[in-house]
There are 2 protein chains.
Amino acid sequence: MRKEAEERRNEILDAADELFSQRGFDGTSTKEILEKVGIARGTLYYHFKSKEDIMDALIERYSVNLLETAQEIAANKTIAINERIIGVVLALKISGGSSKEIMEHIHKPQNALMHQKIQKVIINGVPPILTGIIREGIEQGLFNTPFPYECMEMVVVYMNTVFDDDMVEMTNEEQATRIQAFTFNIERLLGVESGSLMSIVKQMFENGKG
Amino acid sequence: MRKEAEERRNEILDAADELFSQRGFDGTSTKEILEKVGIARGTLYYHFKSKEDIMDALIERYSVNLLETAQEIAANKTIAINERIIGVVLALKISGGSSKEIMEHIHKPQNALMHQKIQKVIINGVPPILTGIIREGIEQGLFNTPFPYECMEMVVVYMNTVFDDDMVEMTNEEQATRIQAFTFNIERLLGVESGSLMSIVKQMFENGKG
DNA sequence: TTTTATCGACAGACAGTCGGTCTATAAGGA
DNA sequence: TCCTTATAGACCGACTGTCTGTCGATAAAA
């Protein structure tokens, strides 16, 4: 029955994670959460000050995990630069275990707020990590741009909006064109020869499946 | 008392427009809307099937107006290409009268869903318009890219996310750097000489104030 | 007479509050 | 050392007020 506050908090977050993933934030009632955990109303509000507070805690837990994983990959200097870039991008989608299916269900309209908040985390958290790698690449003469951070910001924003969200509806053919164009554009942005990033971008989309 | 359906619909939309702008979608109750219009509950639900339906109609009305204005500017061949690009971009912010303050209040977290829907309209509606102008520019030898559409998509997505939303919090100094980098990146994307788009981008941000 | 617009009472659901309970453990006294 | 009392942290569930959407009745127009 009685548990440590942190344990209870996590139980509540686990339950909310699953329910929000299935039904969305608006589609989940606090009653469903507390019944799933097996606690009373008051207990829920003892640990969290509001329903949105639960969502914020969930995103926090998720983000920390996500960005830590990405950072670890980025900092691993034993791996080639190209491989690290791929690894960081893929880490965003596979989502390291803690919040299992959040990313799969985040795109539904019921989750607009949650989506926006996660988007914010990614847009602010990922470019700095990627920029570190790109700077190394610039030193090695692989890339050439005076604005590596803003390049990465542009790339991350675009990928997240066009390829990961349902903002743009595309046929498979249209998506193939988009990927081709995207590759071409990144090459221009990073100041490398046309075609030299084809394999790396290809890998991102194949392994990530979208 | 009794009015034509379309007139009532518009009254309701006008009231909702104002209230949503002030308090956001979630923060506005249907009661407030119907009291502002001076009708009973049943009447509201006679004209709209749900609260979200009101929002969708509002966005529809807003979008049509917005994209029509942008299209008119884009099609006006008496104006120089550069001027038309600026005009289209500015049309997005100034928002042509119909929905007065929507864009000013859209960024608050309470409006996440509305924001997402408008974002979708812009990302799908604006790039085609801009691409038309860019293609003309390519023919005239002003620009050089095999992927004008995808370039514009990238530019629009980036501007809307980084400069128009509150996704990225920036100091004035940081914003200045972002604009400088943004200009540089567009130049690379459109295959023009460094510095040649400086004045046009500058105008966009000065006239639009953000 | 049929269609169209309006009304307002009502049902059902939901988020968050509040007064109070229970228990482990710490503090203090014998 | 043992017993009693005090405290704080975890928990409970009834209750409040609010909100969205429904429905049958009604009035006006066509």
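Every chain is numbered from 1 and lettered A, B, ... according to where its sequence line falls, protein lines coming before strand lines.
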Taking side chain to side chain donor-acceptor pair (under 3.5 Å) as the definition, give me every residue that meets it alongside Arg23(B), ordered by chain and number, with sequence neighbours left out.
Glu32(B)
Kindly give the atom pairs (protein nitrogen or oxygen, nucleotide nitrogen or oxygen) under 3.5 Å for nucleotides 6-13 of chain C.
from	atom 1	to	atom 2	distance (Å)
dT6(C)	OP1	Lys3(B)	N	3.1
dT6(C)	OP1	Arg8(B)	NH1	2.5
dT6(C)	OP2	His47(B)	NE2	2.6
dC7(C)	OP2	Ala40(B)	N	3.0
dC7(C)	OP2	Thr43(B)	OG1	2.7
dG8(C)	N7	Gly42(B)	N	3.4
dG8(C)	O6	Gly42(B)	N	3.1

Holding to ring-ring contact (aromatic ring centres under 6.0 Å, His included), I want the full list of residues that pass it with Phe182(A), two or more places apart in sequence or in another chain.
Tyr158(A), Phe163(A)
Can you find a side chain N or O atom of Tyr45(A) that sits less than 4.0 Å from OP1 or OP2 on dT17(C)?
no
Determine which pairs satisfy ring pair (Phe, Tyr, Trp, His ring centres under 6.0 Å) with at least one residue from residues 21-58 of chain A, sequence neighbours left out, and list them in order.
Phe20(A)-Phe25(A)
Nucleotide dA15(C), atom C1' - distance to CD of Glu52(A) in whole Å
13 Å
How many Å lie between CD on Glu35(A) and C1' on dC14(C), as a whole number?
13 Å
Who passes ring-ring contact (aromatic ring centres under 6.0 Å, His included) against Phe184(B), sequence neighbours left out?
Phe147(A)
What is the separation between atom NZ on Lys31(A) and atom P on dG16(C), rounded to the nearest whole Å?
16 Å
Please round to 10 degrees the angle between the axis of the first five pairs and the axis of the last five pairs in the helix from dT1(C)-dA30(D) to dA30(C)-dT1(D).
10°
Salt-bridged, Arg61(A) to Asp14(A), with N to O below 4.0 Å?
yes
Output every pair passing ring pair (Phe, Tyr, Trp, His ring centres under 6.0 Å) with a member in residues 113-133 of chain A, not counting sequence neighbours, ordered by first then second residue.
His107(A)-His115(A)
Which residues pass the salt bridge (Lys or Arg N to Asp or Glu O under 4.0 Å) test with Arg8(B), sequence neighbours left out?
Glu11(B)
Whole-Å distance separating the CG atom of Leu19(A) from the P atom of dA15(C):
12 Å
Report yes if some heavy atom in the side chain of Val88(A) is under 4.5 Å from a heavy atom in the side chain of Thr69(A); otherwise report no.
no
Contacted region of DNA chain D by chain B, from 5' end to 3' end of the hits, cut-off under 4.0 Å to heavy atoms, spans dC19(D) to dA29(D)
Could I get the full list of side chain to side chain donor-acceptor pair (under 3.5 Å) partners for Arg41(A), not counting sequence neighbours?
Thr30(A)
All salt bridge (Lys or Arg N to Asp or Glu O under 4.0 Å) counterparts of Glu7(B), not counting sequence neighbours:
none
Using whole Å, report how far CG of Leu44(B) lies from P of dT4(C).
20 Å
Would you please name every residue forming a salt bridge (Lys or Arg N to Asp or Glu O under 4.0 Å) with Glu52(B), sequence neighbours left out?
Lys117(B)
